[in-house]
Structure formats: structure tokens, C-alpha cells
Protein chains: 2
Amino acid sequence: MLLLSCSIMKHSSRKVEIIAKASHLFKEKGYSAVTVRDIAQAMGIKAASLYNHIQSKQEILSVLVMDLARTFTDGMNSILVSKGTPLQKIESLIEMHIDITVNQSEALAALNNDWMHMPEDDVVAFVRMREAYEENFRKIIKQGIESGEIKPRHPEVILFSILSTLRTLYLWYQKRGKLDVNVLKRDMVAVLIEGMV
Amino acid sequence: MLLLSCSIMKHSSRKVEIIAKASHLFKEKGYSAVTVRDIAQAMGIKAASLYNHIQSKQEILSVLVMDLARTFTDGMNSILVSKGTPLQKIESLIEMHIDITVNQSEALAALNNDWMHMPEDDVVAFVRMREAYEENFRKIIKQGIESGEIKPRHPEVILFSILSTLRTLYLWYQKRGKLDVNVLKRDMVAVLIEGMV
DNA sequence: ACACAAAACTAACATTTGTTAGTTTGAAAA
DNA sequence: TTTTCAAACTAACAAATGTTAGTTTTGTGT
């Protein structure tokens with residue numbers, strides 16, 4: 001799967017470096033606890049120099065979060081129109097989340113915890129995208145229940161259980177010394193779908 | 001189940017109010033983005049007046065997080081020594097998490113996202129407690145696998161899947177208009193243990 | 001060698017931050 | 001009534017914050 005974090009040349013290479021370093025700091029302490037001086041120090045330059053490349057601290061956050069949100073939305077859309085049973089689509093969604101986790105674990109932290117500190121407009125757009133994403137996921141689960149492929153349980157509980165596992169996977173993927181991606185996918189799909197008994 | 005958030009009279013009633021209001025704000029924006037003036041305003045007093053009751057902003061966080069961490073540790077310990085199969089213990093753990101979520105959803109946010117902003121000593125103690133908690137959980141899962149009660153899957157993946165679902169439950173419990181606790185427990189146990197197919 | 005642009009720098013700014021010191025208020029105890 | 005004390009207040013602090021303005025450095029193409 002191809003995961004382009006931003007369209008070509010939308011940002012200068014230096015800007016991309018800053019965003020990368022910043023996202024790493026954001027993951028450790030959260031957006032609000034990271035100062036522009038922290039980011040500058042990580043880059044080996046002075047705080048004021050950052051402003052040759054970025055417009056504001058908030059802009060870094062917005063680029064991080066909104067780019068990743070679009071990645072999720074695009075992924076969901078292509079899975080939606082793909083052929084396959086609901087269960088196979090859920091499998092694809094799980095694999096997509098794992099791919100994104102492996103490639104963008106830093107940005108995932110910001111998306112999960114710091115989206116509310118973006119400028120108002122982006123917050124609105126973000127929440128809309130997230131709701132649409134969840135609604136699509138919910139529909140797939142309901143289809144699976146209707147077709148008898150999935151046990152007739154509260155769809156909300158299934159949705160929540162899968163999504164919260166996938167959304168916090170980035171926390172574990174770093175701690176547990178980088179498990180092999182394919183092994184992780186296999187085990188994760190098995191546990192989430194077939195359960196443990 | 002009895003959930004005492006702090007031992008009797010360790011804090012004055014006014015202090016408890018402050019901690020409650022603060023935890024509500026922490027949940028919305030995170031510890032670092034909440035100022036003592038925000039907390040004061042929520043209390044209807046001036047910022048300086050807070051310091052008649054608390055020692056520092058950090059102290060509020062520490063009380064919140066460490067009290068809740070002890071609650072989890074105590075709960076785990078009493079389940080560990082209880083009689084029952086590993087699977088029954090896991091069921092009890094799930095129910096404990098749900099009880100805590102319902103009663104202390106605010107503090108859970110701080111415990112999940114803001115523990116690293118406590119004073120150094122508390123961070124060390126906290127991480128120790130969390131590691132012990134996870135290790136105990138892991139052992140129960142492994143026992144279940146050995147006894148054949150649980151499918152022979154990567155225990156780490158099972159542990160992670162259950163824990164991340166339970167740890168972020170507080171986010172959904174507020175959004176989805178307060179589901180009935182007993183229904184939630186039943187469905188949650190079913191989905192997490194038996195899976196969806 | 002020179003011009004130009006990118007990207008660094010220094011210095012400063014207006015706010016915001018957590019916190020302290022000292023004072024006033026109001027209600028209960030004496 | 002007077003004393004007392006918790007809990008509010010005002011005023012101010014030093015430090016930290018995001019950001020701007022103006023200047024110097026650095027490297028590249030002519």
C-alpha cells in the first residue's frame with residue numbers, strides 16, 4: 001500500500017524535517033507541553049529561525065493531523081468500493097491501520113490526543129471526517145451482521161473495541177521492539193475477529 | 001464494588017472540589033493546556049485563592065493519577081487471589097475497568113495521557129505500577145492458554161487488544177449517551193472474549 | 001568575483017504562566 | 001462582643017511562551 005503523507009512539494013524539505021522532529025516531541029509530551037524552542041533545539045537552530053519555514057506552531061499540528069486524517073479517509077473510501085464480504089473489508093481496515101501505524105506512528109499520537117488544539121476550522125473539518133469514518137465502519141459491521149457473517153452483537157461495541165485497539169496500537173508498536181508487520185497483521189486480525197476462546 | 005478515590009480526610013472538601021473541576025478540564029484539553037486560571041474560573045474564584053487548598057498545579061495531577069493507579073492495583077490484587085479460572089479472572093478485570101470508567105471517567109483521561117507531567121518521583125512509581133499491572137494481566141492470559149481455556153495466540157496481542165479497548169472506554173462512554181452499565185458489561189465481555197464471528 | 005536567495009542569527013516584544021506575599025471578609029467559637 | 005480562622009481577595013513577581021523585525025551568514029549559479 002502506498003502512503004504519501006503529503007502531496008508533492010506542498011512543503012519544502014526543511015519544513016518536512018521540522019514537522020517530523022516536532023511530531024516526535026508531540027508524541028512524548030503532547031502538543032501543548034512542547035515549545036517552539038524545544039522544536040528548534042531538536043533541529044539544532046534557534047526558535048526564531050523556524051519561522052522562515054513555518055507560519056505558526058499550530059500549522060505544524062494541522063499539517064500532521066489533517067494529512068493523516070485524509071490518509072485514513074482515502075483508505076476507507078477505497079476499501080468501501082472494493083469487492084469482498086463485510087468481513088474481508090474489516091480485515092482490510094485492520095491491515096490499513098497497521099500499515100499506517102508502522103509508517104506514521106508519530107503523527108498518530110497527535111491525531112489521537114491533540115487535534116483539539118488545531119485552528120477552529122481544521123477542528124471542524126477533522127471531526128466531520130472522523131465521524132464519517134466511524135459511520136462507514138459501522139455500516140460495514142451492520143452489513144456483516146445482516147448477512148450472518150458476524151455475530152448479532154451490539155455493533156457499537158464491536159466498532160469501539162476494534163477502533164480503540166487500532167488507534168492505540170502506535171503506543172505498543174514502539175514499546176514491544178518492532179514486531180514483524182505481517183505477523184502482527186495475522187495475529188491482530190485473528191484476535192480481533194475470532195476472539196480468544 | 002467499592003471505589004474509594006482517596007482515603008478519608010486526606011483532602012479537605014474544598015480541595016476535592018478543585019480536583020474534580022480540574023480533572024474535568026484536563027479531560028477536555030489535557031493537563032498542559034489547562035491553566036490554573038482556568039481551574040479557578042471553573043471554581044468561581046481567583047487563581048491565587050486556589051493556593052489556600054493546593055500546593056501546586058502538579059499536585060492536582062498527582063492526586064488524580066496516583067489515586068486511580070492505586071485503585072487499579074488494588075483491584076488487580078484482589079482478583080489475583082480470588083478463586084476462579086483464568087478466563088473468569090479476565091472477566092472480572094473487564095468488569096472492574098467498566099466500573100472504574102463509569103465512576104471516574106475524568107481521572108482516566110489524566111491517567112492515560114498526562115501521567116508524564118507529574119513530578120519525577122510519581123512518574124517512576126506510576127510506571128512501576130503500570131508495568132506490574134500489565135505483567136499480572138499477561139500471566140493470567142498465559143495461564144489460560146496453558147490450561148487450554150484460551151486459544152494459543154500471541155499473549156501480547158491479546159493483552160494489548162483488551163487493555164487498549166478498556167483504557168479508552170471512557171471516551172465512548174460519554175459520547176454514546178451513557179449506556180446501561182450491565183448491558184455494557186455483558187456485551188463487552190462477549191465481544192472481547194468470544195470475538196465477532 | 002558577484003549577485004541572489006535561502007536560512008540562519010540577535011534582540012526584542014507583548015502575553016501568559018505558575019506562584020508568592022500580604023490583606024480583607026465572613027462566619028463560627030469564645 | 002471579641003477572637004479566631006478558613007478562604008477569599010488584590011497586587012505583583014520572575015520565568016516562559018509564541019512571534020516579529022531586522023541583520024548576517026551560507027551556498028549556488030553566473
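Chain naming here is simple, since letters A, B, ... match the order of the sequence lines and numbering starts at 1 in each. All values below were derived from every heavy atom in this structure, side-chain atoms included, with hydrogens, water molecules and symmetry-related copies excluded.
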Original post:
Hey, what do you get for CD (A:E156) to CZ (A:R138), rounding to the nearest 0.5 Å?
Top reply: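 The CZ atom of A:R138 is 4.5 Å from CD of A:E156, to the nearest 0.5 Å.
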Kindly point out which of [options] is positioned nearest to the side chain of [X]?
{"X": "A:S56", "options": "D:dT19, C:dC9, C:dG18", "answer": "D:dT19"}
{"X": "A:V36", "options": "D:dC9, C:dT19, D:dT19", "answer": "D:dT19"}
{"X": "A:K57", "options": "C:dT10, C:dG18, D:dG18", "answer": "D:dG18"}
{"X": "B:A48", "options": "C:dA11, D:dA11, D:dG18", "answer": "D:dA11"}

**OP:** Would you indicate what B:S49 reaches in the nucleic acid, counting non-hydrogen atoms under 4.0 angstrom: base, sugar-phosphate, or nothing?
**Re:**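 The answer is base, as B:S49 lies within the cut-off (heavy atoms under 4.0 Å) of a base atom.
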Original post:
What is the nucleic acid contact for B:R14, judged by heavy atoms within less than 4.0 Å: base, sugar-phosphate only, or nothing?
Top reply: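 Sugar-phosphate, backbone atoms only, no base.
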Original post:
Can a salt bridge be assigned to the pair B:R128 and B:E131 using a cut-off of 4.0 Å between side-chain N and carboxylate O?
Top reply: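 A salt bridge is absent here (no side-chain N lies under 4.0 Å from a carboxylate O).
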Subject >> Lys/Arg-Asp/Glu bridge criterion (N-O < 4.0 Å) met for A:K89, A:E149 >> reply: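 Salt bridge: no.
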Rounded interatomic separation in angstrom, taking [atom1] from [X] and [atom2] from [N]:
{"X": "A:Q41", "N": "C:dC9", "atom1": "CD", "atom2": "P", "value": "12 Å"}
{"X": "A:H117", "N": "D:dG18", "atom1": "NE2", "atom2": "P", "value": "12 Å"}
{"X": "A:R37", "N": "C:dT10", "atom1": "CZ", "atom2": "C1'", "value": "13 Å"}
{"X": "B:E59", "N": "C:dT19", "atom1": "CD", "atom2": "C1'", "value": "14 Å"}
{"X": "B:I45", "N": "D:dA6", "atom1": "CD1", "atom2": "P", "value": "16 Å"}
{"X": "B:Q55", "N": "C:dG18", "atom1": "CD", "atom2": "C1'", "value": "14 Å"}
{"X": "A:I54", "N": "D:dT20", "atom1": "CD1", "atom2": "C1'", "value": "13 Å"}
{"X": "B:I18", "N": "C:dT19", "atom1": "CD1", "atom2": "P", "value": "13 Å"}

**OP:** Report yes or no: does B:D99 contribute a side-chain atom to a donor-acceptor pair with the main-chain N or O of B:M96 at less than 3.5 Å?
**Re:**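 Looks like no, no N/O pair under 3.5 Å.
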Original post:
So which one's nearest nucleotide on DNA chain C is more toward 5', A:A47 or B:A47?
Top reply: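 Result of the comparison: A:A47.
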**OP:** Assess whether one donor atom and one acceptor atom, taken from the side chain of A:N52 and the base of C:dA6, lie less than 3.5 Å apart.
**Re:**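 In this structure, the two groups form no donor-acceptor pair.
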Original post:
Do B:I100 and B:L80 belong together in a cluster built from hydrophobic side chains that touch within less than 4.5 Å?
Top reply: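 Same cluster: B:I100 reaches B:L80 through Ile, Leu, Val, Met, Phe, Trp or Tyr contacts under 4.5 Å.
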Original post:
Would you say C:dA6 has OP1 or OP2 under 4.0 Å from some side-chain N or O of A:H53?
Top reply: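 No, A:H53 has no side-chain N/O under 4.0 Å of OP1/OP2 on C:dA6.
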